[in-house]
Amino acid sequence: MSTPEKPQNQGNQESIRTGTSVEALKRAYLDNLFYLQGKFLEVATPHDLYMAAAYTVRDRVMARWIQTARCYKQAQARTVCYFSAEFLVGPHLANNCVNLGIANDAKQAAVELGQDFEQILEQEEEPGLGNGGLGRLAACYMDSLATLQIPSIGYGIRYQYGIFDQEIHDGWQHEVSDLWLRDGNPWEMARPKLRFPVRFGGHTEHYTDEQGRLRVNWIPNLVVNGKAYDTPIQGYGVNSLSLLRLWHSEASTSFDFQAFNMGDYYRAVDAKVEAENITKVLYPNDEPAVGKELRLKQQYFFVSCSLQDMLRMHIMTGSALDDFQHKYAVQLNDTHPAIAVPELMRLLMDEHNLDWDRAWDIVRHTFSFTNHTLLPEALEVWSVDLLGGLLPRHLEIIYEINHHFLDEVRMHYPLDKERIARMSIIDEQGERYVRMAHLAAIGSNAVNGVAAMHTELLKSTVMRDFHELWPEKFHNVTNGVTPRRFLRLSNPQLSQLISNSIGNDNWITHLEDLRKLESFSDDSGFQQEWRAVKRAAKNSLADKLLKETGISVDPDSLFDIQVKRIHEYKRQHLNVLHIITLYNRIKQNPNIELTPRTVIFGGKAAPGYFMAKLIIKLINAVAAVVNQDPQVNQLLRVAFLPNFNVKQAHGIFPAADLSEQISLAGKEASGTGNMKFSMNGALTIGTLDGANVEIREEVGAENFFLFGLTVEQVMKLGSEGYRPWEYCQQNTELQAALDLIDSGIFSHGDAGLFRPLTDNLRQHDPFMLCADYQSYLDVQAEVDRAYRDQQLWTSKSILNVARMGKFSSDRAILDYCQKIWNVEPGQVKIDTCADALCTSERMSKHYQAIESTDVVSREIH
Ligand code: 26Q
């Protein structure tokens, strides 16, 4: 396969830092091993070899980074700043090789040095700085921003401990802390001089200054410093990058402990610990955040550092503050960074002396807000007392914003008191809460949902009043995923086959080109190759399952896979009910005609989410019974692959025949795993939920296994009064499946173990599994039949891939550019703005320039 064009050789011997020939890579590799790891090949550990490889690749990235920074600075185009509490980037080494176009040569260099490249890649500890979909989306968007040459910075938190590692003991999930930084992180660059003070607590003092203006002084009781760590995000096939700037919290050295703590040394140490705790650990989702002061501290901490950094850069270029909105677009990834709205107001008014109206104008034109959920329990609120205690000045500003906003609402709806109460930023029923989604929507120029259906529901339900007031503010941007990581990198064999058939690999950046595969969908030779590629991926996954779980599976069976966070709304237990029903059918009729099937699960449950953890236990308990029953295990096997993360995902999506996307309609905002499966040739069994709707539209109804209630039916059933027990009484197979769980057969006779789950299904069933059960079973039977016709199945698989163009994150980012950011991609031409690649002397000049502009350590006294 052709790869992105490599920079030209400069002279006979390429630079050891930037050269991309196999020879240059080998020399660099040995050099880094020697000088950075203090090792030589014979004594190097696999981790030493990984570090040497990582530094070798990083050098190649750095050369482009400096060029990009210089060029974007010159161009002064609008910079997109993606504010996100999570960036789930996944392993860097292999991805950077792909994006630099040196994947083959880097491997060759390792081989020529007698090393196993796969083993080297295996060493990389993935930065698990996110929970799931939202964090991974941010990472896909960084890849596309870099590839599309859009000046961009991802701002977030450098958690010392990312998402926990999941271990399974006796079928139960155990959480193990994630020590991703233990052996060092070669991809980040600490910027010790790039740090900002962030204040917490205390009180405000209002006074009138010499010019007679009302001013506010915020006297905090804690000041911490945020220190920047930069990670370059290399674009694919281009010489440009994006910057991921993550903040680490430290005690503020300038803080006067003597005065504040009366010489109390221990309290001074406490303050240091308190400061360092802020970026200690990532919060899992699906845990009530209410009362978790540290979470709000994290949010404010990274938002404040980021905005101070942007203002610094803006002022440094000599631009006027009024121009800020034209130079920066900030995307708020859900409400997690919504405190940015009052923070930018505070910075502009209290620190830069702007008046309210000018500051508000800038704020409103800078921010846009993406909503990722409609679940009422997931909408973020903070108690007024907690927020006011931690951020007294922000609470004042929020009240002021609310005051102006409610005046506007009153103008439109003078007598509608209920509407005003509904729309207020402050929820005043009972204890008072700040509604972060309202704050974000009011402070933004655009609000978007993440799939067509989600956006429609957003407009008609949780943001209905806002949509009525400002219909033009609402947009849809359907999510997308990067084909670089989720096809080119993780499925090299399929990528090769695609490129060979299409004749080039332009599809990697123009995913719509995959359409050209349609003409091969019925070609039997091509189909055979297609199946061989799928089969190879299934073999690898089978090996991995055996190694990690001891479960052996047959790669000829249908691989039916559900990987995602474990949550009741995602309905992994509906999948389990199907498995138990198949089990019952096989037991009743051992000669039943069934397609052999392997059902594979993966996903983490929030540590405090009892029901989700019980679902994991149930999956493993059912697996244990099914897999060891000789009557059943020829037709059915079940496996739970522990610790689903980006690295694991690379081996999973390519191996799937069937993708399970079975959330209750209206609950999954978009889903992105659905896209990754389909892009790798899996067919989907799914409900009309989130982006499934659009996937089905694209691939064609005949290539998608649809089941379940529509969102309208869900709403109707909910409002009529849903009675799950009636479905159980009327459906003997459903009844039998639930009864079998309650019999204790899956729990060594402990009939009570899963009762919380089965009782909940029979009595409440908030996610309507009982209502969708029969439809799910019927369509699974269709899947079973369809898989027997391998030609037809393969043709559907090819068509799924061919029609995935829409779901590239490149398309999504172009949508954001056009609908929301008003940014023209590729406007800044890296390759023409700087002359060729940097030489080291030129680079050292850039270094000097960049270092001197980086120094900002302002401190509060
Ligand atoms: C909030 C407060 C306190 C602690 C944690 C959180 C928290 C953290 C992460 C709440 C939610 C999340 C993550 C949400 C998420 O991943 N949502 C998913 O976003 C995807 C990208 O748009 C969608 O595809 C999924 O449908 C949506 O569930």
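Just follow the structure's listing: the first ligand is 1, and inside any ligand the first atom is 1. Excluded from the calculations below are hydrogen atoms, water molecules and symmetry mates; all remaining heavy atoms, backbone and side chain alike, are included. Everything numeric here is computed off the predicted structure, so don't read it as measured data.
Between the side chains of Thr147 and Asp810, no donor N or O sits under 3.5 Å from an acceptor N or O. Inspection of the Glu668 and Ser670 side chains reveals no N or O donor paired with an N or O acceptor under 3.5 Å. A donor-acceptor pair shorter than 3.5 Å cannot be found between the side chains of Ser444 and Ser368. In this structure, a donor-acceptor pair under 3.5 Å is absent between the side chains of Glu293 and Gln298.
With hydrogens and angles ignored, the 3.5 Å screen pairs no side-chain donor or acceptor of Asp385 with any backbone N or O of Leu387.
Some N or O of Leu134 is nearer than 3.5 Å to an N or O of ligand 1, by distance alone. By the 3.5 Å distance cut-off applied to N or O atoms, Asn285 is not counted among the residues near ligand 1. Checked against a 3.5 angstrom limit, the closest N/O atoms of Tyr283 and ligand 1 fall outside it.
Only the backbone of Pro284 comes within contact range of ligand 1, with a heavy atom under 4.0 Å; no side-chain atom does. Of all the heavy atoms of Arg295, the ones lying under 4.0 Å from any atom of ligand 1 belong exclusively to the side chain. The proximity of Arg565 to ligand 1, defined as any non-hydrogen pair under 4.0 Å, does not occur for either the backbone or the side chain. At a heavy-atom cutoff of 4.0 Å, ligand 1 is contacted by no atom of Lys292, backbone or side chain. With a heavy-atom cut-off of 4.0 Å, Tyr569 touches ligand 1 through its side chain alone.
Using a 4.0 Å cut-off to heavy atoms of Ala669, the atoms of ligand 1 that qualify are 26 (O). If you number the atoms of ligand 1 from 1 as listed, the ones under 4.0 Å from a heavy atom of His372 come out as 19 (O), 21 (C), 22 (O), 27 (C).
Atom OG1 of Thr509 and atom CZ of Arg484 lie 7.0 Å apart (nearest 0.5 Å). With values rounded to the nearest 0.5 angstrom, Leu296 atom CG is found 9.5 Å from His394 atom NE2.
Heavy atoms of Glu86 come nearer than 4.0 angstrom to ligand 1 in at least one pair. For the pair His454 and ligand 1, no heavy-atom separation below 4.0 Å is found. Contact annotation: Asn479 has at least one heavy atom less than 4.0 Å from an atom of ligand 1.
You'll find the ring centres of Phe466 and Phe474 outside the 6.0 Å limit. Taking the centre of each ring, Tyr776 and Phe707 come in below the 6.0 Å mark.
Counting heavy atoms only, Gly671 comes closest to atom 24 (O) of ligand 1 of the residues Gly690, Gly133, Gly671.
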